[in-house]
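Positions are given from 1 along the sequence.
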Amino acid sequence: DDMEYFDIAEAELRRLNAHISELLDFAKPVRLDTGPHDLGEVADDAARGIEAVLAERKLTLSRELAPDLPAARCDMVRLRQILINLLDNAAKASPPGSAITIRTHSAPAGMVAIEVADTGKGIDAANLPRIFEPFFTTRPDGTGLGLAIVHKLVRAHQGEIEVKSTLGAGSTFTVLLPAAT
């Protein structure tokens, strides 16, 4: 009995620590250590970091990484944070047995793109304009900071984030970053 209570307390402490970390991350000014980085390498690193979580939820992750893509001017640690957040959100929105895709490709105007696409429940059109607002959430266990942090980090990179979603069919988040010249 004591070990069961200990495990519950430990799980709750991890959850609270994650929420506090999100709050602090959102409140702090963004400091970037930018350089030219291969989006495929960052995507692979983020995928490896979350594959266990996806496997536990019975989800598959596929990679579609464009060859010969120009490097992105980005902070590798912060870009990994962006991708982990988007992949985790995709996992939470997807039913067991579905697929999540991470892909890279060229984009217009000297940009490169990295996308996270799922075949989950999608986002209601009425909520789309608000998803990057701090503290906006539709999940009872959410803080509403995940996508706000993603948006803040993408903007700090002089990048953009776009979302396309169809209710009942899934969502695709596209992060556009300046190509390194």
Side-chain angles (χ1 to χ4, degrees), residues 1-33 41-63 74-103 114-124 126-128 130-157 161 163 165 167-175:
D1 276 351
D2 289 343
M3 284 308 291
E4 183 179 344
Y5 290 126
F6 178 77
D7 290 342
I8 291 169
E10 186 179 36
E12 284 302 304
L13 284 172
R14 278 195 304 272
R15 185 183 63 77
L16 288 171
N17 189 48
H19 288 319
I20 290 168
S21 293
E22 277 187 328
L23 278 168
L24 291 172
D25 208 23
F26 182 73
K28 288 189 271 185
V30 177
R31 289 188 175 84
L32 300 177
D33 182 16
E41 288 178 18
V42 182
D44 271 338
D45 184 50
R48 278 191 304 275
I50 200 163
E51 277 181 326
V53 172
L54 298 179
E56 183 179 301
R57 295 179 184 167
K58 299 184 180 11
L59 301 168
T60 59
L61 177 64
S62 64
R63 297 171 180 92
C74 64
D75 181 316
M76 196 164 160
V77 172
R78 293 304 202 157
L79 181 56
R80 183 182 189 280
Q81 180 182 2
I82 290 166
L83 294 175
I84 291 288
N85 191 307
L86 292 176
L87 289 165
D88 186 54
N89 281 357
K92 289 175 181 171
S94 299
S98 61
I100 296 170
T101 303
I102 187 166
R103 71 178 57 91
I114 188 160
E115 295 180 349
V116 173
D118 66 63
T119 54
K121 61 185 177 183
I123 303 167
D124 188 308
N127 291 333
L128 275 174
R130 300 193 60 206
I131 62 171
F132 297 115
E133 290 179 15
F135 307 109
F136 176 78
T137 185
T138 58
R139 290 197 320 253
D141 64 335
T143 61
L145 286 174
L147 288 177
I149 291 169
V150 165
H151 186 259
K152 181 178 178 178
L153 292 174
V154 169
R155 300 297 292 161
H157 279 90
I161 185 163
V163 61
S165 187
L167 205 55
S171 302
T172 300
F173 285 81
T174 304
V175 175

Would you check if Val77 and Asp33 make a side-chain contact, meaning some heavy-atom pair closer than 4.5 Å? no

Residues which pass side chain to side chain donor-acceptor pair (under 3.5 Å) with Glu4, listed by chain and number, not counting sequence neighbours: none

Approximate separation, where rounding is to 0.5 Å, of Asp118 CG and Thr172 OG1: 7.0 Å

For the side chain of Ser165 and the backbone of Gly170, is there at least one donor-acceptor N/O pair under 3.5 Å apart? yes

Are side-chain heavy atoms of Phe173 and Asn89 found at a separation under 4.5 Å? no

Rounded to the nearest 0.5 angstrom, the CD1-CD1 distance for Ile84 and Ile50 is 5.0 Å

Phe136 and Leu147, any side-chain heavy atoms less than 4.5 Å apart: no

Residues that Lys58 engages under side-chain contact (heavy atoms from CB on, under 4.5 Å), provided they are two or more places apart: Pro96

CG of Leu13 to CD1 of Ile8, rounded to nearest 0.5 Å, is 12.0 Å

For Ala43, side-chain contact (heavy atoms from CB on, under 4.5 Å) partners two or more places apart: Leu65, Ile102, Ile114

Should we say atom CG of Asp7 is surrounded by more than 12 heavy atoms from elsewhere, each under 6.0 Å from it? yes

Would you compute the distance between atom CZ of Arg80 and atom CG of Leu153 and round it to the nearest 0.5 angstrom? 13.5 Å

For His157, check ring-ring contact (aromatic ring centres under 6.0 Å, His included) against everything at least two apart and list the hits. none

Between OG1 of Thr60 and CD1 of Ile100, what distance do you get to the nearest 0.5 Å? 7.5 Å

Show your working on salt bridge (charged side-chain N to carboxylate O under 4.0 Å, His left out) between Asp88 and Arg57 and close with a plain yes or no. CA-CA 11 Å; Asp88 186 54; Arg57 295 179 184 167; 3.4 Å; yes

Out of the candidates Val175, Val150, Val42, Asp45, only one should pair with Leu83 under the side chain to side chain contact (heavy atoms under 4.5 Å, CB included) rule; please name it. Val42

Is it the case that more than 12 heavy atoms not belonging to Arg155 sit under 6.0 Å from its CZ atom? no

Does any pair with a residue in residues 47-56 pass side chain to side chain donor-acceptor pair (under 3.5 Å), and if so which ones, sequence neighbours excluded? Glu51-Arg63

Compare every heavy atom of Ser94 with every heavy atom of Leu59, then report the nearest pair and how far apart it is. CD2-CB, 3.9 Å

Considering residues at least two apart in sequence or located in another chain, which fulfil the side chain to side chain donor-acceptor pair (under 3.5 Å) criterion with Asp75? none

Closest heavy-atom pair, Thr101 versus Ser62, reported as atoms and distance to 0.1 Å, is OG1-OG, 3.1 Å

Just how far is it from atom CG of Leu54 to atom CG of Leu61, taken to the nearest 0.5 Å? 5.5 Å

